[in-house]
Amino acid sequence: IRLKNEDRLPVAVIGDGSMSAGEAYEALNELGDRKYPCVVILNDNEMSISKPIGALSKYLSQMMAGQFYQKFKSRVERFLSYMPDGATYMAKRLEEGIRIITPGMFFEELGLEYIGPVNGHDLGALISTFETAKSMKKPVIVHVQTLKGKGYEYAEGYLAGWHGVGPFDLKSGEFIKKQAQKSATAIFSEHLLELADAHDDIVGVTAAMPTGTGMDALIEKFPERFWDVAIAEQHAVTSMAAMAKEGFKPFVAIYSTFMQRAYDQLIHDACIVGEDGETHQGAFDISFLNAVPNVVMFAPRCEESMKFAMDFAYSYKGVSAFRYPRGAFSLNGEFTARPLVLGRGEILACGDSDVAIIGYGNGVGKANAVRNLISPKIDATLVDLVFAKPLDSELLEDLARRRKKWYVISDSAKKGGIGEILSAFLQERKISGVSVTSFEFSDAFIPHGAASEVEASLGISAEQIAKILLDDN
């Protein structure tokens, strides 16, 4: 805006939870130095940055929000510039004494003006405050206090269940629960509790997602061993690397989408248990983790194999990353699960055609559905890759000799995904005559929606894949 010489005022909005992220302070640090005119609205829907101190704190905060105080402060500063040093010193100390019992001290020490706290549900107060902030021609923090879920009694306050809302009864506030299989998150949480009971060296961390990752039960039972570090994925990974160095076995539960924030820390410090998110697609973890040396990547296909995966993660003496869906697995006991062996896949069904359907993680369930849909016209071999890194070279070389058409199914990005990993394997081994077709996500951002609807829109539902295989063969 300054380079364009335009008369506009940028406004940024940030939640109090996001203020724990390092990038916010990097921006505030530069803003305090550059002094660009702007307004940063801090939406505080839990409590003040520091707890209010009775009526005096409330009075001072309200006073600081008015134009009278801001004009008075500006005029005093100009007046003090003409005063002797002693008078200036005493006046400055008085102002600092006022600021020290208000939430604005931190921001003003960074060189930013601070207004607030302001009632975020009082429209008149908000308009007046924003007009004041606009007129100051400086970088201003406007601290707005709100109540989460305001206006709907059942959702008001700190209630994690109302963060991502499914169907519910409007009158009673009761969620309409569907009868469904146990979610992979619940399996993870329950089995990690069992492991933590049995092994005192297990610790864990999540970054502001204790409920979504299933870590809430661990934090409640073992508050000295499991932590929520807020929106600070970089710190989560690095701190657990230190724990690993001290002989502990850390489980870091972070949504795949948010793990991208800690990629640098992963490369340098590396401790992770990846997870897909509810409203975030989490499609890129295979692609970016595969490039990191010394990371073992694997994925369970069902509830029982999930438990074996966690057992393997605990016993493995190195960095391991395993992915699982937020919802239930699509397989439900169709195949017997076995303990994981490093770098070993599994042939789940051996067909007599030239077709092999290779699934990874929850993709094995869809691969099995596709196999059933094309049978008996095509008797395909069904493979659970299990490990994306290291690959089961013996299984894959034998498969390449017997099956020349490989179809890959995985809930991940096609670029750098399982299909490209397998294609690179064949090229490196100089194995020719095998075609690899991937039904992973195409090179585009995935639209939001129900999984079945999104898959259909991308042309990768089980029925659509089955039709392609029947047409190809």
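Values below: every heavy atom of this structure, side chains too, minus hydrogens, waters and symmetry copies.
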From the list Y360, F322, Y316, ring pair (Phe, Tyr, Trp, His ring centres under 6.0 Å) partner of F298 resolves to F322
Quick check: does any side chain N or O of T437 sit under 3.5 Å from a backbone N or O of Y407, one acting as donor and the other as acceptor?
no
message = With heavy-atom distances below 4.5 Å as the criterion, would you say the side chains of L192 and F226 are in contact?
response = yes
One should read off an interatomic distance between N362 CG and S412 OG, to the nearest 0.5 angstrom, of 11.5 Å
- [ ] Using a strict 4.0 Å threshold on nitrogen-to-oxygen distance, state whether K221 and D197 make a salt bridge.
- [x] yes
Those residues at least two apart in sequence (or on a different chain) that pass side-chain contact (heavy atoms from CB on, under 4.5 Å) with K134 are L9
Checklist entry - Got L218 and S189 here, is their nearest side-chain heavy-atom distance under 4.5 Å? => result yes
For V370 and A462 the tightest heavy-atom approach is CG2-O, 3.6 Å
When rounded to the nearest 0.5 Å, the distance separating CE of M243 from CE of M240 is 5.0 Å
Suppose we call two aromatic rings close when their centres sit under 6.0 Å apart. Are F312 and F387 close by that rule?
yes
Using the rule given for side chain to side chain contact (heavy atoms under 4.5 Å, CB included), can you reason through V383 versus L348, listing the C-alpha separation, both sets of side-chain angles and the distance that settles it, and then say yes or no? CA-CA 6 Å; V383 180; L348 299 179; over 6 Å; no
Exercise for review: Before accepting this row, confirm whether a basic side-chain N of the pair E455/K366 lies closer than 4.0 Å to the acidic partner's carboxylate O.
Suggested key: yes
Spell out, as yes or no, whether a donor-acceptor pair under 3.5 Å connects the side chain of K35 to the backbone of G32. yes
For this session: Verify, without hydrogens or angle tests, whether E440 (side chain) and I418 (backbone) share a donor-acceptor contact under 3.5 angstrom.
Result: yes
Of all heavy-atom pairs linking G363 and D411, the shortest is N-OD2, 4.3 Å
Do R344 and L395 have side chains that get closer than 4.5 Å, going by heavy atoms?
no
Apply salt bridge (charged side-chain N to carboxylate O under 4.0 Å, His left out) to residues R301 and E346 and explain how you reach the verdict. CA-CA 11 Å; R301 65 174 181 258; E346 189 175 353; 3.2 Å; yes
Partner of I254 under side-chain contact (heavy atoms from CB on, under 4.5 Å), picked from V237, T213, D285, is V237
One should read off an interatomic distance between I421 CD1 and K389 NZ, to the nearest 0.5 angstrom, of 9.0 Å
Y314 side chain to D201 side chain, donor-acceptor N/O pair below 3.5 angstrom: yes
Contacts of K405 meeting side chain to side chain donor-acceptor pair (under 3.5 Å) (sequence neighbours excluded), chain-then-number -> N473
Margin query: Test your reading of the model: is there a side-chain donor-acceptor pair from H121 to the backbone of L147, 3.5 Å cut-off?
Written below: yes
Nearest heavy-atom approach of P139 to L31 is CB-CG, 3.7 Å
- request: Would you please test R429 and E397 for salt bridge (charged side-chain N to carboxylate O under 4.0 Å, His left out) and show each step?
  value: CA-CA 9 Å; R429 299 300 173 103; E397 286 177 353; 2.5 Å; yes
* Student check: side-chain heavy atoms of N368 and F335 closer than 4.5 Å -> yes
Heavy-atom nearest pair, P390 first then L342, reads CD-CD1, 3.9 Å
In short, salt bridge (Lys or Arg N to Asp or Glu O under 4.0 Å) pairs touching residues 183-192 with sequence neighbours left out are K182-E190
Check: Which is it for L426 and V436 under the side chain to side chain contact (heavy atoms under 4.5 Å, CB included) test, yes or no, and what are the steps along the way?
Finding: CA-CA 10 Å; L426 294 171; V436 178; 3.6 Å; yes
task = Would you check if the side chain of T381 reaches a backbone N or O of A356 as a donor-acceptor pair within less than 3.5 Å?
result = no
For the residue pair Q464 / S461, report whether a side-chain donor-acceptor contact shorter than 3.5 Å exists.
yes
Applying side-chain contact (heavy atoms from CB on, under 4.5 Å) to A133 and not counting sequence neighbours gives V39, I115, V140, V142
To the nearest 0.5 Å, atom CG of D200 lies from atom CZ of F222 at 8.0 Å
With distance as the sole test, does K414 use its side chain to make a donor-acceptor pair with the main-chain N or O of F441 at under 3.5 Å? no
Rounding to 0.5 Å, atoms CZ (F248) and CZ (R225) come to a distance of 9.0 Å
- Message: Assess the residue pair E174 and F168 against the criterion (side chain to side chain contact (heavy atoms under 4.5 Å, CB included)); give the C-alpha distance rounded to whole Å, side-chain angles, the decisive distance to 0.1 Å, and a yes or no.
- Response: CA-CA 6 Å; E174 294 290 328; F168 65 94; over 6 Å; no
By ring-ring contact (aromatic ring centres under 6.0 Å, His included), F308 pairs with (sequence neighbours left out) none
Any side-chain donor near an acceptor of the partner, T206 and D228, under 3.5 Å | no
Correct closest heavy-atom pair for A367 and I357 would be CB-CG2, 3.5 Å
**Atom CD of E6 with >12 non-hydrogen neighbours under 6.0 angstrom** = yes
query = Any donor and acceptor pair, going by atom type alone, linking the side chain of E394 with main-chain N or O of D392 inside 3.5 Å?
reply = no
Full working for side chain to side chain contact (heavy atoms under 4.5 Å, CB included) between L422 and V408 = CA-CA 9 Å; L422 292 176; V408 178; 3.7 Å; yes
Notebook entry, point to check: Honestly, is R34 close enough over Y36, meaning NZ or CZ under 6.0 Å from the six-membered ring centre and within 45° of the axis?
Noted result: no
TODO: Evaluate the side-chain proximity of L193 to F188: yes if any heavy-atom separation is below 4.5 Å, no if none is.
DONE: no
Does some side-chain heavy atom of F251 sit less than 4.5 Å from a side-chain heavy atom of V205?
-> no
With no hydrogens and no angle check, just 3.5 Å: does a side-chain donor-acceptor pair link T185 and S183? no
Is there a side-chain contact between I358 and V364 (heavy atoms, below 4.5 Å)?
no
Those residues at least two apart in sequence (or on a different chain) that pass side-chain contact (heavy atoms from CB on, under 4.5 Å) with H235 are V229, A232, S239
Output for pair (M310 CE, S320 OG), nearest 0.5 Å, gives 10.5 Å
**Prompt:** Does some side-chain heavy atom of K150 sit less than 4.5 Å from a side-chain heavy atom of T146?
**Reply:** no
- Expected output: side-chain K249 to main-chain G204 donor-acceptor under 3.5 Å: no
Is E220 reaching over with its side chain to a backbone N or O of D216, donor-acceptor style, under 3.5 angstrom?
no
